[in-house]
Amino acid sequence: MLVKEWNELPEYMQVEEVRPYYEILRKKKGQLILKRIFDICASLVLIVLLSPIILFFSIWIKLDSNGPVFYRQERITQYGKVFRIFKFRTMVNNADKIGNLVTSKNDSRITKVGEKIRKYRIDEIPQLFNVLIGEMSFVGTRPEVQKYVNQYTPEMYATLLLPAGVTSLASIEFKDEDEILERYTSKGRETNEVYVKEVLPLKMEYNLKAITSFNFIKELGTMISTVVKV
């Protein structure tokens, strides 16, 4: 999780807009090590404790609709690395090939069990495996698909200095993102266009601010807030 040397970053990240965030993180080596140790220990414990729940929903999903238990979409994490996220499948099989990459309210692709799982964010539980192997962290910018990363401004690339996260302040503030999208799309605007122009920039303001004030103890507070508010 430690920040690489500047000249080792992907070329598109070696821009002046990213450098201030890079310098901040370089000075927090100890906290970054602590963050990774916590991720490993906490994810391992939670996987063991939640294994009965994981098994229960795995069976329910298979009985509810055809397709795999897990949704393994490609996302982008630290330094622009592509990884496959673990989420419980809440939509019909191959949903991303028959509609938008973001989900709006009352999306017809959502399955019956998926609707219940999404309501309580249970579909996020399998991301514990991504955290354990280092592709994600408990707290960090939510991983986007390459299509949306391609829409980043130079400053937004600073969010790729750290692993993607399961939760963040932006995730808490935009916990009802599908309803926000619905307000715009109900007026005739296209979902992807609304996400890129209206939602993504606002979320990134929170994500960039989180880097400037990065603190491991503060991240623990974000995790607690997620459980309470989301």
Side-chain angles (χ1 to χ4, degrees), residues 1-3 21 24-57 70-71 73 75-79 81 83-88 90 102-103 116-144 156 158-180 199-200 202-230:
M1 187 180 291
L2 296 182
V3 178
Y21 301 96
I24 289 172
L25 292 176
R26 279 195 66 189
K27 298 175 183 178
K28 301 195 175 184
K29 180 178 179 180
Q31 293 200 54
L32 289 172
I33 292 174
L34 187 60
K35 176 180 171 72
R36 179 58 188 148
I37 291 174
F38 175 83
D39 282 346
I40 294 172
C41 296
S43 61
L44 188 58
V45 170
L46 286 172
I47 288 172
V48 173
L49 292 177
L50 297 176
S51 57
I53 294 177
I54 294 174
L55 178 60
F56 172 79
F57 282 103
F70 298 115
Y71 177 56
Q73 186 183 49
R75 300 287 182 93
I76 307 299
T77 187
Q78 190 176 32
Y79 307 130
K81 180 182 177 182
F83 76 105
R84 297 183 69 198
I85 195 170
F86 278 102
K87 295 184 74 173
F88 278 131
T90 61
V102 289
T103 309
K116 295 178 175 61
I117 288 177
R118 293 170 72 93
K119 181 178 179 180
Y120 299 102
R121 301 297 195 274
I122 294 171
D123 57 318
E124 311 283 353
I125 291 177
Q127 288 169 50
L128 290 169
F129 295 105
N130 293 118
V131 174
L132 180 62
I133 61 182
E135 295 172 332
M136 294 180 68
S137 178
F138 276 104
V139 180
T141 300
R142 287 292 299 164
E144 298 284 0
M156 290 178 184
T159 61
L160 300 179
L161 289 170
L162 294 173
V166 175
T167 188
S168 65
L169 290 176
S171 298
I172 295 172
E173 292 297 325
F174 287 83
K175 60 185 177 67
D176 298 319
E177 182 180 302
D178 55 348
E179 295 182 6
I180 297 173
V199 178
L200 184 61
L202 294 176
K203 290 169 69 174
M204 281 300 181
E205 288 183 16
Y206 284 99
N207 294 326
L208 291 169
K209 185 176 180 180
I211 295 177
T212 61
S213 60
F214 171 72
N215 180 283
F216 175 67
I217 300 301
K218 194 172 182 179
E219 288 199 344
L220 293 180
T222 299
M223 292 176 63
I224 294 173
S225 294
T226 300
V227 173
V228 173
K229 299 179 180 181
V230 178

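Just so you know, these numbers use all the heavy atoms, side chains as well, and skip hydrogens, waters and symmetry mates.
A distance of 11.0 Å separates NZ in Lys35 from CG in Asn215, rounded to the nearest 0.5 Å. Rounding to the nearest 0.5 Å places CG of Leu55 at 12.5 Å from CG of Leu50. With rounding to the nearest 0.5 Å, the separation of OG1 in Thr159 from CD1 in Ile76 is 11.0 Å. Note that OG of Ser137 and CD of Gln78 are 9.5 Å apart. Values are rounded to the nearest 0.5 Å. Atom CG of Leu25 and atom CG of Leu162 lie 5.0 Å apart (nearest 0.5 Å). We find the CD1-CD1 distance between Ile122 and Ile53 to be 7.5 Å, quoted to the nearest 0.5 Å.
Residues satisfying the side chain to side chain contact (heavy atoms under 4.5 Å, CB included) test with Ile47, not counting sequence neighbours, are Leu128, Phe129, Leu132. Shown here are the ring pair (Phe, Tyr, Trp, His ring centres under 6.0 Å) partners of Phe70, two or more places apart in sequence or in another chain: Phe86, Phe88. The side-chain hydrogen bond (donor to acceptor under 3.5 Å, both in side chains) test applied to Thr141 returns no partner, not counting sequence neighbours. A search for side chain to side chain contact (heavy atoms under 4.5 Å, CB included) contacts involving Gln127 returns Ile85, Lys87, Glu124, Asn130, Met136, Arg142, Val166, not counting sequence neighbours. Partners of Tyr21 under the ring pair (Phe, Tyr, Trp, His ring centres under 6.0 Å) rule, at least two apart in sequence or in another chain, do not exist in this structure. For Ser213, the side-chain hydrogen bond (donor to acceptor under 3.5 Å, both in side chains) criterion is met by Lys218, not counting sequence neighbours. Ser171 pairs by the side-chain hydrogen bond (donor to acceptor under 3.5 Å, both in side chains) definition with Ser168, not counting sequence neighbours.
Looking at Thr77 and Pro163, their side chains come closer than 4.5 Å, going by heavy atoms from C-beta outward. Taking the side chain as every heavy atom from C-beta outward, Tyr79 and Leu160 never approach each other to under 4.5 Å.
The nearest pair of heavy atoms linking Gly165 to Pro143 is O-CD, 3.6 Å.
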Quick one: side chains of residues 223-230, donor-acceptor pairs under 3.5 Å with protein atoms, not counting sequence neighbours, listed by atom name and distance.
from, atom 1, to, atom 2, distance (Å)
Ser225, OG, Gly221, O, 3.0
Thr226, OG1, Thr167, OG1, 2.7
Thr226, OG1, Thr222, O, 2.8

N/O donor-acceptor pairs under 3.5 Å from side chains in residues 202-210, not counting sequence neighbours:
from, atom 1, to, atom 2, distance (Å)
Lys203, NZ, Glu177, OE1, 3.0
Lys203, NZ, Tyr195, OH, 3.1
Asn207, ND2, Lys203, O, 3.2

Next on the checklist: Does Leu32 form a side chain to side chain contact (heavy atoms under 4.5 Å, CB included) with Lys29? I'd like the steps, not just the answer.
Outcome noted: CA-CA 5 Å; Leu32 289 172; Lys29 180 178 179 180; 5.7 Å; no
Checklist entry - Stepwise, does the side chain to side chain contact (heavy atoms under 4.5 Å, CB included) test hold for Thr90 with Tyr71? => result CA-CA 8 Å; Thr90 61; Tyr71 177 56; over 6 Å; no
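Applying the salt bridge (charged side-chain N to carboxylate O under 4.0 Å, His left out) definition to pairs two or more places apart or across chains, none involves residues 129-138. Applying the ring-ring contact (aromatic ring centres under 6.0 Å, His included) test to pairs two or more places apart or on separate chains, those with a residue in residues 27-57 are Phe38-Phe138, Phe38-Phe216, Phe56-Trp60, Phe57-Trp60.
Looking only at distances, no side-chain donor or acceptor of Arg84 sits under 3.5 Å from a matching main-chain atom of Gln73. With hydrogens and angles ignored, the 3.5 Å screen pairs a side-chain donor or acceptor of Lys28 with a backbone N or O of Phe214.
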